[in-house]
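In this chain, numbering begins with 1 at the start of the sequence shown. These numbers come from the heavy atoms of this one structure, side chains and all, not from hydrogens, waters or symmetry mates.
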Amino acid sequence: MKTVLRLLLPVMALSACDSPLSLYYREGESVSRLQTETTQCQVQAINEVPVANQVRQSPPTYWPGRTYCDGRGQCYRSAGWWQPGRVYTVDVNQGLRNQVEAQCMAKKGFRPVSLPPCKQADKSWAPAVPTTTLPPLTTQSCYVKYDNGSFQIISPGQTG
């Protein structure tokens, strides 16, 4: 039983790491055309709304000292200390750039969608073939990601 758990836990951990596939979508469009249009809109967005990084720092944290008492009723307090805040960089234009990209894609007839990763039962439902044309979506649609970066959109229960 312990051996089974040792083998099963890494698999469960890997499957928990799967994240949704977010892409622009227009039914019947080729994936290569989608990629071309997305790249063009990303380039347009970066040209119109360039990166504007700002260095920021989170607030420092004060850690109070501790009180120590010996067995004879004498107590003393250690000194507290300040821990400096974390320094990080923020692109303040990222949100606006995302909006410009989304508007560009909307003008081309694409809308953003997010698909969950397929469960094992859904993966076995369809042959493993990367998607080349965006299929009709259903509420059960999900995706499979392949090692080469391609993906397959699966709509369980849909015929055709």
Novice: Taking all non-hydrogen atoms of both residues into account, name the closest pair between Y25 and P136 and its distance.
Specialist: OH-CA, 3.5 Å
Novice: Measure the acute angle between the ring planes of W63 and W81, then classify it against the limits of 30° and 60° as parallel, tilted or perpendicular.
Specialist: parallel
Novice: Which of these passes side-chain contact (heavy atoms from CB on, under 4.5 Å) with I153: V113, T133, V31, T131?
Specialist: T131
Novice: Heavy-atom distance under 4.5 Å between the side chains of P117 and Y143, does that happen here?
Specialist: yes
Novice: Relative to F110, does R26 satisfy both conditions: NZ or CZ under 6.0 angstrom from the six-membered ring centre, and within 45 degrees of the ring's axis?
Specialist: yes
Novice: With heavy-atom distances below 4.5 Å as the criterion, would you say the side chains of K119 and I154 are in contact?
Specialist: no
Novice: Enter the distance from Q44:CD to T39:OG1 here, rounded to the nearest 0.5 Å.
Specialist: 12.5 Å
Novice: If you take all heavy atoms of T138 and S155, which pair is closest and at what distance?
Specialist: OG1-CB, 3.9 Å
Novice: Shortest non-hydrogen contact from N93 to A52?
Specialist: ND2-CB, 3.5 Å
Novice: Nearest 0.5 Å please: distance from the CD atom of E101 over to the CD atom of E48.
Specialist: 11.5 Å
Novice: Roughly how far, to the nearest 0.5 Å, is CZ of R56 from OG of S58?
Specialist: 12.0 Å
Novice: Would you compute the distance between atom CD of Q40 and atom NZ of K108 and round it to the nearest 0.5 angstrom?
Specialist: 4.5 Å
Novice: Is there a path of hydrophobic side-chain contacts, each under 4.5 Å between heavy atoms of I, L, V, M, F, W or Y residues, that connects Y88 with V92?
Specialist: yes
Novice: In Å and rounded to the nearest 0.5 Å, what is the CG to CZ distance from L134 to R33?
Specialist: 12.5 Å
Novice: Tell me, yes or no, whether the heavy-atom count around R77 atom CZ, taken from other residues, nucleotides or ligands under 6.0 Å, exceeds 12.
Specialist: yes
Novice: Which distance, rounded to the nearest 0.5 Å, do you find between the CD of Q152 and the OG1 of T132?
Specialist: 10.0 Å
Novice: If Ile, Leu, Val, Met, Phe, Trp and Tyr residues are connected whenever their side-chain heavy atoms lie under 4.5 Å apart, and connections chain through other members, are F151 and M105 in the same group?
Specialist: yes
